[in-house]
Amino acid sequence: TGLAGLKCFNPRDFTTDKHRTVDDKPFGGGPGMLMKTEPLQAAIGAARTSLERDGKGLKTRTIYLSPQGRPLDQTSVRELAERQQLLLVCGRYQGIDQRLLDSEVDEEWSVGDYVLSGGELAAMVLADAVIRCLPGALGDEDSVDQDSFSAGLLHCPEFTRPQMVGERQVPEILLGGNHEQIRRWRIKQSLGMTWLKRPDLLERQQLDRQQQALLQEFIKEHNSNAQSAES
């Protein structure tokens, strides 16, 4: 579609030994290996030069995918989507030399509090999340605004055909065509799903009077249904 472009630079292509070595032992000993500094630095330099040339001088921010980075969330994804060029550095092994981080990297970002074998998957997650925020990336521009986390809450449940799946039916309110009632139901369900699954998100929200009332309505209905199921 031309919305975004991607180029990959492999540090192995910038090695000088016959084995194309891209890892080395850390000073001070310990388990694991670090990415070899010279090939990675050369790959970053080549990628930066390519971006600056193709982007006709646009500023490039270099991002290192790391568990120590700033947590990626929907708000920060939207911030990154405003950038015109990103250079994503993917680590391997135990990571990369701190001096390279200090000299070559502008920002560190994390996709979660867990460890991957390499930064490639994290880079794909970041790229996908950012690209879908670009104008024209989705068939319906409203989709991004209604995604989970866009308003700090989880998305409401969704339903499609058929109306009956086993003994479970689509909520009647979604079939009635009353747009205001549907809007109100979706807000209530979004609040309720967040209360059930991610109460930590609710703690960060300042709910207005309508949202507070809808959340209490959901909680009352949920507790009533739970009691009925137990009896």
Side-chain angles (χ1 to χ4, degrees), residues 1-24 33-112 115-150:
T1 61
L3 293 174
L6 175 67
K7 283 188 176 181
C8 297
F9 292 79
N10 188 345
R12 288 194 185 276
D13 296 334
F14 298 87
T15 56
T16 57
D17 66 310
K18 66 178 182 180
H19 298 297
R20 303 176 72 196
T21 306
V22 291
D23 62 338
D24 208 342
M33 304 286 278
L34 294 178
M35 293 192 72
K36 197 170 179 64
T37 302
E38 294 90 341
L40 182 56
Q41 189 170 34
I44 292 172
R48 186 177 291 121
T49 298
S50 175
L51 282 171
E52 291 174 352
R53 180 184 65 245
D54 296 344
K56 296 181 174 61
L58 291 175
K59 186 175 181 180
T60 300
R61 298 289 291 178
T62 301
I63 292 174
Y64 177 54
L65 284 307
S66 163
Q68 300 180 19
R70 175 182 166 186
L72 190 69
D73 58 20
Q74 193 63 27
T75 299
S76 55
V77 164
R78 287 180 175 273
E79 292 176 14
L80 292 171
E82 297 293 325
R83 312 274 183 86
Q84 294 176 309
Q85 293 189 145
L86 298 175
L87 197 167
L88 307 181
V89 178
C90 305
R92 270 275 163 181
Y93 315 113
Q94 291 291 98
I96 67 177
D97 192 298
Q98 182 63 44
R99 294 166 296 182
L100 206 57
L101 284 175
D102 295 338
S103 63
E104 301 290 347
V105 172
D106 298 309
E107 307 169 23
E108 294 183 59
W109 287 89
S110 169
V111 297
V115 178
L116 299 169
S117 296
E120 297 85 357
L121 291 175
M124 291 172 65
V125 167
L126 185 149
D128 183 82
V130 167
I131 290 171
R132 71 188 308 279
C133 287
L134 300 179
L138 303 179
D140 188 335
E141 296 293 339
D142 292 334
S143 295
V144 173
D145 294 330
Q146 295 180 12
D147 283 338
S148 290
F149 309 114
S150 293

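FYI, side chains are in, hydrogens and waters are out, and symmetry mates aren't considered; it's all heavy atoms of this structure.
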Residue list, side chain to side chain donor-acceptor pair (under 3.5 Å) with [X], at least two apart or on another chain:
{"X": "Glu120", "answer": "Arg92"}
{"X": "Gln94", "answer": "none"}
{"X": "Gln84", "answer": "none"}
{"X": "Asp73", "answer": "Ser76"}

Show me the donor-acceptor pairs within less than 3.5 Å that the side chains of residues 35-46 make with the rest of the protein, sequence neighbours left out.
{"unit_1": "Lys36", "atom_1": "NZ", "unit_2": "Asp24", "atom_2": "OD2", "d": "3.4"}
{"unit_1": "Gln41", "atom_1": "NE2", "unit_2": "Glu104", "atom_2": "OE2", "d": "3.1"}

Charged N to carboxylate O below 4.0 Å: is that the case for Arg70 and Glu107?
no
If the condition is side chain to side chain contact (heavy atoms under 4.5 Å, CB included), which residues does [X] pass it with, not counting sequence neighbours?
{"X": "Gln98", "value": "Leu101, Asp102"}
{"X": "Met124", "value": "Leu121"}
{"X": "Val111", "value": "Leu72, Tyr114, Ala122, Val125"}

If the condition is salt bridge (Lys or Arg N to Asp or Glu O under 4.0 Å), which residues does [X] pass it with, not counting sequence neighbours?
{"X": "Asp13", "answer": "Arg20"}
{"X": "Arg53", "answer": "none"}
{"X": "Lys7", "answer": "Asp54"}

Thr21 side-chain N/O to Asp23 backbone N/O, donor-acceptor pair under 3.5 Å
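Here the side-chain-to-backbone pair does not exist.
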Check: residues 62-69 side-chain donor-acceptor pairs under 3.5 Å, at least two apart:
{"unit_1": "Thr62", "atom_1": "OG1", "unit_2": "Arg48", "atom_2": "NH2", "d": "3.0"}
{"unit_1": "Ser66", "atom_1": "OG", "unit_2": "Gln68", "atom_2": "N", "d": "3.0"}
{"unit_1": "Ser66", "atom_1": "OG", "unit_2": "Glu108", "atom_2": "OE1", "d": "3.3"}

Can you tell me how far the CD atom of Glu82 sits from the SG atom of Cys133, to the nearest 0.5 Å?
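Glu82 atom CD to Cys133 atom SG measures 9.5 Å (nearest 0.5 Å).
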